[in-house]
K.L.:
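Dumping the structure here so I can ask a few things about it.
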Amino acid sequence: MSVPEATLTFPAGHKVKSATFKTGLFINNEFRPALDGKTIDVLNPSTDKKIAVVSEASPKDIDIAVEAAQKAFDTVWGEKTPGHVRGHLLMKLADAFEANADVLASIESQDNGKAFSFARGFDVSEAAACLRYYGGWADKDSGKVIEVNDSKMAYTRHEPIGVVGQIIPWNFPILMFAWKLGPALATGNTIVIKVAETTPLSAFYAARLIADIFPPGVVNIVTGYGNIAGAAISSHMGIQKVAFTGSTLVGRTIMKAAAASNLKNVTLELGGKSPNVIFDDADLDQAASWATFGQCCCAGSRVYVQESVYDKFLGLITDKVKAINVGDPFSEGTFQGPQTSKLQYDRIMAHVESGKEEGATVHTGGARHGTEGYFIQPTIFTDVKPDMRIVKEEIFGPVIVVSKFKDEADLLQLANDSMYGLAAAVFSRDISRALSVANKLKAGTVWVNSYNQLHSQVPFGGFKQSGIGRELGEYALANYTAVKAVHVNLTQPNPL
């Protein structure tokens, strides 16, 4: 069986003409076909046409990847490679991402559907920044000496866990790839990472950059379906930790599998239905400009506006939304591309229809955009009630609901009435009020007078059913280390 290969051709006049790379399973720094020869078609969401074929991993393929990762951990990585060397290699990978940024972003735009300007200006650049940030941490995540008494000493060590499994989503493929690799490699672990079967291509292009930098077996990249390859990672007895980003429903399944197998450590970054709060003293034009929605877990899809400025704000955000340029990801000025897959398109449109059926008002949008691909009009719902599906459930598309609130007490009741707690935002010129409300919102991240600003050095994760553990920052290092306490007797005699 031959290893599949992709050749992507980009629009005429684009800065990158084409990209050719292998799309087999990347194990032990080699591309290989799946053992059973199965493949998955990859579609361009802008056209619904096939652009590539990738190998589909089975549980037996996962076994081989885990074996390679374990061998690398035992022989060439982990504590066999000093922290400053691991850091140097991570920084080299960051440099390689930046040197190949145009190609990576072009692949991302064709495979995922996001605008090239965003893929290049945010996703790839922030992926490189994340790798470089954790490169700096690789020789600094140390334990400490603990005072006990004069007759003994104790100290802690932060040791790598071993082989870790990682499963990433389709909405930010190359960025989530870096978020997962950075802290795991910095702390000395080896990796088996499953990339989403709908958007696997940028990771496979990045694989050849990894092969030029890291020893074989340190990073192993597979793709496949969640109920097969993902399940095999979650339940594998040779994997000591699993990290997952995706839906709360799947997160529950992974947690069950981890518990039922070897009780592996679990980190989950899950769904959200985040409140975006607009007080009457806010800069309303700025608040409307920061409004976010789309295929983003922390999107501010529930907008709560103080009733005295509701009409004015609704007019401003309506103008902003109607001005959004929806279209070809490679066209200059495009802000919103297609939804990533037909499945996601159908899910979003089902939510839109449920909003109409339950009595909400489609203020703008609410329909398909164009005739080809998976494009949806940016949509605002008004006249919504707290028990409506579009208010309670994560839509993960270009849809927001705009509601009124009376005062702070009313706002907090509405905003915190959710099973999720991933993110939130508060817009107010009164910084004391803004910070007071931020402290009372049940969310892992709260922005004040901005939205969706993420930085490698700042932790990100959710409260309630939005997840367990934190990505990014120093906090993420704890996800990938085991703490060992060592007691050293100096002068204490045996008491027995």
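No experiment lies behind these values; they were computed from the predicted model shown.
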K.L.:
Please determine, by modelled atom types, if Thr7 and Thr20 share a side-chain donor-acceptor pair under 3.5 angstrom.
P.N.:
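Yes, because at least one side-chain N or O of Thr7 sits under 3.5 Å from a partner of the opposite role on Thr20.
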K.L.:
Examine Tyr133 together with His455 and report whether their ring centres are nearer than 6.0 Å.
P.N.:
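Not close enough - the centres of the two rings lie 6.0 Å or further apart.
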K.L.:
Does either side chain, that of Tyr205 or that of Asn100, offer a donor lying less than 3.5 Å from an acceptor on the other one?
P.N.:
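On atom types as modelled, these side chains qualify, holding a pair under 3.5 Å.
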K.L.:
So, the side chain of Lys194 versus the backbone of Gly224: is there a donor-acceptor pair under 3.5 Å, distance only?
P.N.:
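At least one qualifying donor-acceptor pair exists.
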K.L.:
Less than 4.5 Å apart, any side-chain heavy atom of Thr199 and any of Phe172?
P.N.:
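Result no, sub-4.5 Å side-chain heavy-atom pair not found.
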K.L.:
Looking at Ala34 and Leu25, what are the two nearest heavy atoms and their distance?
P.N.:
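Looks like CA-CD1, 3.9 Å.
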K.L.:
Check this for me, if you would: do Lys342 and Asp48 make a salt bridge, where the nitrogen-to-carboxylate-oxygen distance has to be below 4.0 angstrom?
P.N.:
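A salt bridge is absent here (no side-chain N lies under 4.0 Å from a carboxylate O).
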K.L.:
State which residue, out of Ile254, Asn265, Val164, Thr267, fulfils the side chain to side chain contact (heavy atoms under 4.5 Å, CB included) condition with Val242.
P.N.:
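Answer to the side chain to side chain contact (heavy atoms under 4.5 Å, CB included) test with Val242 among Ile254, Asn265, Val164, Thr267: Ile254.
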K.L.:
Decide whether Ser418 and Lys464 meet the rule of one side-chain donor and one side-chain acceptor closer than 3.5 Å.
P.N.:
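Their side chains do not contain a donor-acceptor pair, so the 3.5 Å distance test is not met.
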K.L.:
Just by distance, do the side chain of Gln110 and the backbone of Thr9 share a donor-acceptor pair under 3.5 Å?
P.N.:
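The answer is yes, because a donor-acceptor pair under 3.5 Å joins these two groups.
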K.L.:
Using distance alone, with no hydrogens and no angle criterion, decide if Ser202 and Glu108 have a side-chain donor and acceptor under 3.5 Å apart.
P.N.:
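Side-chain D/A pair, Ser202 to Glu108: present.
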K.L.:
For the OH atom on Tyr475, are there more than 12 heavy atoms of other groups (residues, nucleotides or ligands in this structure) within a distance under 6.0 Å?
P.N.:
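No, because the 6.0 Å sphere around OH of Tyr475 holds 12 heavy atoms or fewer from other groups.
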K.L.:
Assess, by modelled atom type and distance only, whether the side chains of Asp63 and His236 contain a donor and an acceptor separated by less than 3.5 Å.
P.N.:
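Yes, side-chain donor-acceptor contact under 3.5 Å.
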K.L.:
Can we say Glu269 and Lys180 salt-bridge, meaning some charged N sits less than 4.0 Å from an Asp/Glu carboxylate O?
P.N.:
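Salt bridge absent between Glu269 and Lys180.
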K.L.:
Given side chains that start at C-beta, do those of Trp170 and Asp111 come closer than 4.5 Å, heavy atoms only?
P.N.:
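A side-chain contact under 4.5 Å is absent here.
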K.L.:
How about Gln465 and Arg252: does a side-chain donor come under 3.5 Å of a side-chain acceptor?
P.N.:
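A donor-acceptor contact under 3.5 Å links the two side chains.
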K.L.:
Taking the basic N atoms (NZ, or NE/NH1/NH2) and the acidic carboxylate oxygens, is any pair closer than 4.0 Å for Arg132 and Asp95?
P.N.:
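Asp95 and Arg132: salt-bridged.
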K.L.:
Can you see which heavy atom on Ser106 is nearest to which on His14, and at what distance?
P.N.:
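Ser106 and His14 have their closest heavy atoms at OG-NE2, 2.8 Å.
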K.L.:
Do Tyr345 and Arg368 have a side chain donor and acceptor closer than 3.5 Å?
P.N.:
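Per modelled atom types, Tyr345 and Arg368 side chains form a pair under 3.5 Å.
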K.L.:
Side chains of Thr340 and Lys114: do they bring a donor and an acceptor to under 3.5 Å?
P.N.:
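Not at all, the side chains of Thr340 and Lys114 share no donor-acceptor pair under 3.5 Å.
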K.L.:
Using the ring of Phe31 (Phe, Tyr or Trp, six-membered ring only), decide whether Lys22 places NZ or CZ under 6.0 Å from its centre and within 45 degrees of its axis.
P.N.:
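No, Lys22 and Phe31 do not form such a contact.
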K.L.:
Assess the side chains of Ser289 and Lys320: does a donor N or O sit below 3.5 Å from an acceptor N or O?
P.N.:
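Indeed, the side chains of Ser289 and Lys320 share at least one donor-acceptor pair under 3.5 Å.
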